[in-house]
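Written out below as structure tokens is the structure these notes cover.
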Amino acid sequence: GEPMITLPAEPFPFTFDPRHVALLCIDFQRDFMEAGGFGESLGNDVSRLRGTIEPTSRVLTAFRRHGWPVIHTREGHRPDLADLFPAKRDRGSPALRIGEEGPMGRLLVRGSAGHGIVPELAPVAGEVVLDKPGKGSFYATDLETILRARGITSLVVTGVTTEVCVQTTVREANDRGFESLVLADCTASYFPEFHRSALDMFSAQGGIVGWVGTSDALLAALV
Ligand code: C5J
């Protein structure tokens, strides 16, 4: 069969079976990455996330070329907000709250323009799009079922933001027995120091949560 693929990563090389790998694209939504969305309503500089788009698009292209599974997640809520905990709705003092009308429609509400994935990384037919009400991608979703049904054991992880939805998801995946390679340049935070620290937390202690690599190292291993 197909050989295993190994690439340099922290804390040591990452090896995966290409028959059992998936690409996870976490919350590349306009609400986090563009002006007028949820991220900006919390006072963040959303331009800090834009650098992830180009490298992630190259990784997406590679996965599509190989025919390997791609899973996109979106954080958001039902239009009636029935799945929005008051604890989440009322947190902090944002300019606009979840469900309120902004320049890209209702913040973090499924179906609004801002809830959609940035056009550069838009899903194509055949790719899983997974809606989630929380930060983690496993909580209150069928992600684990989808991965197990396809025999996926290894995840290449991209997305925003590193220390929120990416970190929660990778920790949840680790506890379920999945091996995650987080691509440092395909993830970003509104807080560069949190980005760096979250990546360090994944790979420290012998990869206690997972591996950290780069899109270049992955793409070089795929040719
Ligand atoms: C946040 C996310 N940062 N996708 N969501 O609220 O990381």
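When a ligand or atom number is given, it counts from 1 through the structure's own listing order.
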Could you name the protein residues that come within less than 4.0 Å of ligand 1, counting only heavy atoms, and order them by chain and residue number?
Asp27, Phe32, Glu75, Lys135, Val160, Thr161, Val164, Cys165
Is the Phe194 ring parallel, tilted or perpendicular to the Phe191 ring (thresholds 30°, 60°)?
tilted
Show which side-chain atoms of residues 214-223 pair as donor or acceptor with protein atoms under 3.5 Å away, not counting sequence neighbours.
from	atom 1	to	atom 2	distance (Å)
Thr214	OG1	Ala217	N	3.1
Ser215	OG	Asp185	OD2	2.5

Which Ile, Leu, Val, Met, Phe, Trp or Tyr residues join Tyr139 in one cluster when any pair of side-chain heavy atoms under 4.5 Å counts as a link?
Phe85
Donor-acceptor side-chain pairing of Glu163 and Ser189 below 3.5 angstrom:
yes
Apart from Ile71 itself, which Ile, Leu, Val, Met, Phe, Trp or Tyr residues share its cluster (side-chain heavy atoms under 4.5 Å, direct or through members)?
Leu24, Ile26, Val128, Leu130, Phe138, Leu143, Ile146, Leu147, Ile152, Leu155, Val157, Val166, Val170, Phe178, Val182, Leu199, Phe202, Ile208, Val209, Val212
For the pair Asp83 and Lys88, find out whether any cationic side-chain nitrogen is under 4.0 Å from an anionic carboxylate oxygen.
no
